[in-house]
2 protein chains.
Amino acid sequence: MERTQDPRTVPASPAGRRGRPRSFDRETALEKAIMAFWEHGYEATSVSDLTRIMGIGAPSLYAAFGDKRALFDEVVAEYGRRYAAFGERALAEEPTARAAVARILREAAECYTAPDRPQGCLYAHAATNCTSPEVGERLREKRNEAIAAVESRIRADIAAGRLPADTDARALARHAGAVVQGMSQQARDGASRAELTALAEIALSIWPRT
Amino acid sequence: MERTQDPRTVPASPAGRRGRPRSFDRETALEKAIMAFWEHGYEATSVSDLTRIMGIGAPSLYAAFGDKRALFDEVVAEYGRRYAAFGERALAEEPTARAAVARILREAAECYTAPDRPQGCLYAHAATNCTSPEVGERLREKRNEAIAAVESRIRADIAAGRLPADTDARALARHAGAVVQGMSQQARDGASRAELTALAEIALSIWPRT
DNA sequence: GTCTTTCTGTAGCGATCACTAGACAAATGT
DNA sequence: ACATTTGTCTAGTGATCGCTACAGAAAGAC
């Protein structure tokens with residue numbers, strides 16, 4: 001539990017590592033995998049797709065990442081850190097639930113239509129209709145956790161008197177979540193950034209003005 | 001072009017049809033296929049899944065429906081007639097765009113959480129992350145057509161003076177579409193009918209009171 | 001140098017995919 | 001009766017799936 005670090009996640013070459021060093025950069029390979037899963041989803045991205053896109057052989061992929069499922073788990077985690085953190089940041093940094101949701105909707109419109117990236121949200125689309133139930137369940141939890149986080153932020157505002165006491169926090173959170181999820185779908189269906197932004201502004205008008 | 005009717009779609013047994021009659025009911029087999037594709041999506045439903053669920057052998061399936069792709073096309077068409085027609089009906093029957101959208105959102109909450117049926121909307125989920133691009137494109141068109149239909153209904157109301165002249169019809173239609181699509185996702189993620197109904201009522205509050 | 005360790009490339013594993021050839025079964029037409 | 005037409009069944013097609021055995025290549029340890 002001291003020197004034993006998982007050899008798969010280690011950068012391979014720096015001092016102490018014996019044997020032939022890895023011939024590819026693990027991080028950039030993971031980034032390619034993120035893009036592939038993001039665009040085509042878990043099932044529709046085959047291991048041979050991955051090896052071609054990542055530029056490595058299958059045995060190298062399995063040595064570095066475990067198996068397809070473990071690679072996807074790592075992709076989901078890294079995607080969360082790199083591309084889906086704007087939600088948590090907004091909830092943490094904005095002074096009110098309304099401001100947080102407003103920022104989430106606006107940033108979602110931008111994030112989901114960023115050029116040179118797959119459109120929409122990986123959490124929403126990469127594991128729908130999944131043969132492996134656990135993979136689908138993993139992203140389902142991510143979606144429900146996101147809605148629950150908004151809900152508890154709303155509850156905090158209600159408790160602080162910033163929102164009416166009879167506010168239906170759960171429904172309000174589900175509404176925000178539904179709009180975000182619908183925006184992701186529409187981004188994949190070809191909606192422009194301007195269209196999603198206009199959509200988001202309309203959705204925001206349900207919130208009582210502060 | 002007169003007596004030649006596609007033998008695959010004909011009920012098989014009534015007078016005039018020679019040869020061994022079909023040993024299963026084509027309509028109920030199609031209904032089973034609808035449920036299977038609705039629940040698991042196009043790719044995740046294998047032909048052997050279908051033959052097991054429909055209770056027929058693979059050659060019978062291919063003789064009666066063509067191939068997997070043609071069966072799915074027929075499933076989509078029948079699903080549209082049986083389960084997704086509430087949208088068109090609302091747009092045709094309600095006196096205003098607002099009333100139509102209100103009815104669509106409320107009926108979607110019910111339709112997407114009907115017991116003993118797959119949750120959510122087949123159009124929204126059955127062909128995401130699809131290996132075959134045409135299949136995915138087919139349902140994408142359905143989704144975009146639905147939004148366009150709402151948009152033109154809104155434009156009619158604007159032209160008739162029932163909505164302000166500066167109303168952004170496209171954004172308003174996309175908003176309604178996003179809410180419906182998000183409701184479908186959340187139904188699949190476990191939301192109850194009551195939760196979706198509450199969500200829908202909130203979304204409706206963006207519309208100016210008539 | 002040689003030994004050990006680790007990674008890479010080839011080549012192929014068994015399982016499943018969508019799909020079908022061919023033999024038999026069951027109806028109608030004459 | 002018999003021929004014709006059509007459906008069903010068994011059994012299997014080639015292709016692809018995720019994954020890996022094995023041999024050779026490239027590094028540190030001695």
Side-chain angles (χ1 to χ4, degrees), chain A residues 3-26 29 33 36-37 40-73 75 127 129-132 134-135, chain B residues 3-26 29 33 36-37 40-73 75 127 129-132 134-135:
Chain A
R3 271 204 55 75
T4 53
Q5 189 178 0
D6 186 345
R8 293 200 307 265
T9 63
V10 109
S13 102
R17 303 270 310 141
R18 303 208 308 182
R20 178 174 175 174
R22 193 177 283 137
S23 69
F24 61 95
D25 182 60
R26 195 178 187 278
F37 279 128
H40 301 108
Y42 177 73
E43 306 254 85
T45 305
S46 70
V47 172
S48 62
D49 289 336
L50 289 166
T51 57
R52 193 185 59 253
I53 292 168
M54 298 163 85
I56 61 178
S60 299
L61 187 153
Y62 281 88
F65 297 101
D67 59 5
K68 184 187 178 184
R69 168 78 190 285
L71 171 56
F72 183 72
D73 289 347
V75 160
N129 304 136
C130 215
T131 302
S132 140
E134 313 92 45
V135 176
Chain B
R3 273 204 54 74
T4 54
Q5 190 180 0
D6 185 345
R8 292 199 308 263
T9 63
V10 107
S13 106
R17 302 269 312 139
R18 303 208 305 182
R20 177 174 175 175
R22 194 176 282 136
S23 69
F24 60 94
D25 181 62
R26 195 178 187 279
F37 279 128
H40 301 107
Y42 178 73
E43 306 253 87
T45 305
S46 70
V47 172
S48 63
D49 289 336
L50 289 166
T51 58
R52 192 185 60 252
I53 291 166
M54 298 163 84
I56 61 179
S60 299
L61 187 153
Y62 281 88
F65 297 101
D67 60 4
K68 185 187 177 183
R69 169 77 190 286
L71 171 58
F72 184 72
D73 289 346
V75 160
N129 305 137
C130 214
T131 302
S132 141
E134 315 91 46
V135 176

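So that the names make sense, note that chain A is the first sequence line, chain B the second, and so on, each numbered from 1.
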Report the residues that fulfil side-chain contact (heavy atoms from CB on, under 4.5 Å) with A:S60, sequence neighbours left out, ordered by chain and then residue number.
A:F24, A:I56
Dump the pairs, protein N or O against N or O of nucleotides 18-22 of chain D, anything under 3.5 Å, distances to one decimal.
| unit_1 | atom_1 | unit_2 | atom_2 | d |
| --- | --- | --- | --- | --- |
| D:dG18 | OP1 | A:K68 | NZ | 2.7 |
| D:dG18 | OP2 | A:V47 | N | 2.8 |
| D:dC19 | OP2 | A:Y62 | OH | 2.9 |
| D:dC19 | OP2 | A:K68 | N | 3.0 |
| D:dC19 | O5' | A:Y62 | OH | 3.3 |

Take the protein atom NE2 of B:H40 and the nucleotide atom P of C:dC17, then report the distance between them rounded to whole Å.
13 Å
On DNA chain D, more 5' by nearest nucleotide between B:G19 and B:I56 is B:G19
Residues that B:R69 engages under side-chain hydrogen bond (donor to acceptor under 3.5 Å, both in side chains), provided they are two or more places apart
B:E134
In whole angstroms, how far is the P atom of D:dG7 from the CZ atom of B:F65?
12 Å
Measuring from A:T131:OG1 to A:E43:CD, what's the distance to the nearest 0.5 Å?
3.5 Å
Any residue meeting salt bridge (charged side-chain N to carboxylate O under 4.0 Å, His left out) with A:D25, in chain and number order, not counting sequence neighbours
none
Describe, in one word, how the ring planes of B:F37 and B:F72 are oriented to each other, choosing from parallel (under 30°), tilted (30 to 60°) and perpendicular (over 60°).
perpendicular
In whole Å, I'd like the distance from the CG atom of B:L50 to the P atom of C:dC17.
11 Å
Atom-pair distance (CG on A:L61; P on C:dT6), nearest Å:
19 Å
Between A:R26 and A:F65, what is the shortest heavy-atom contact and its length?
NH2-CD2, 3.3 Å
Between A:R22 (CZ) and C:dG9 (P), how many Å, whole number?
13 Å
For B:R20 and D:dG7, what is the distance between atoms CZ and P respectively, to the nearest whole Å?
10 Å
Would one find a side-chain N or O of B:S23 under 4.0 angstrom from OP1 or OP2 of D:dG7?
no
Please give the angle, rounded to 10 degrees, between the axes at the start and the end of the helix from C:dG1-D:dC30 to C:dT30-D:dA1, where five pairs define each axis.
10°
Sorted by first residue and then second, give each salt bridge (charged side-chain N to carboxylate O under 4.0 Å, His left out) pair with at least one member in residues 53-67 of chain B; sequence neighbours left out.
none
Run the salt bridge (charged side-chain N to carboxylate O under 4.0 Å, His left out) test against A:D49 and tell me which residues pass, sequence neighbours left out.
A:R52
Sequence-distant partners of B:A33, side-chain contact (heavy atoms from CB on, under 4.5 Å), two or more places apart:
B:L50, B:M54, B:L71, B:V75
Measure CZ/A:R52 against C1'/C:dT8 and give the value in whole Å, please.
19 Å
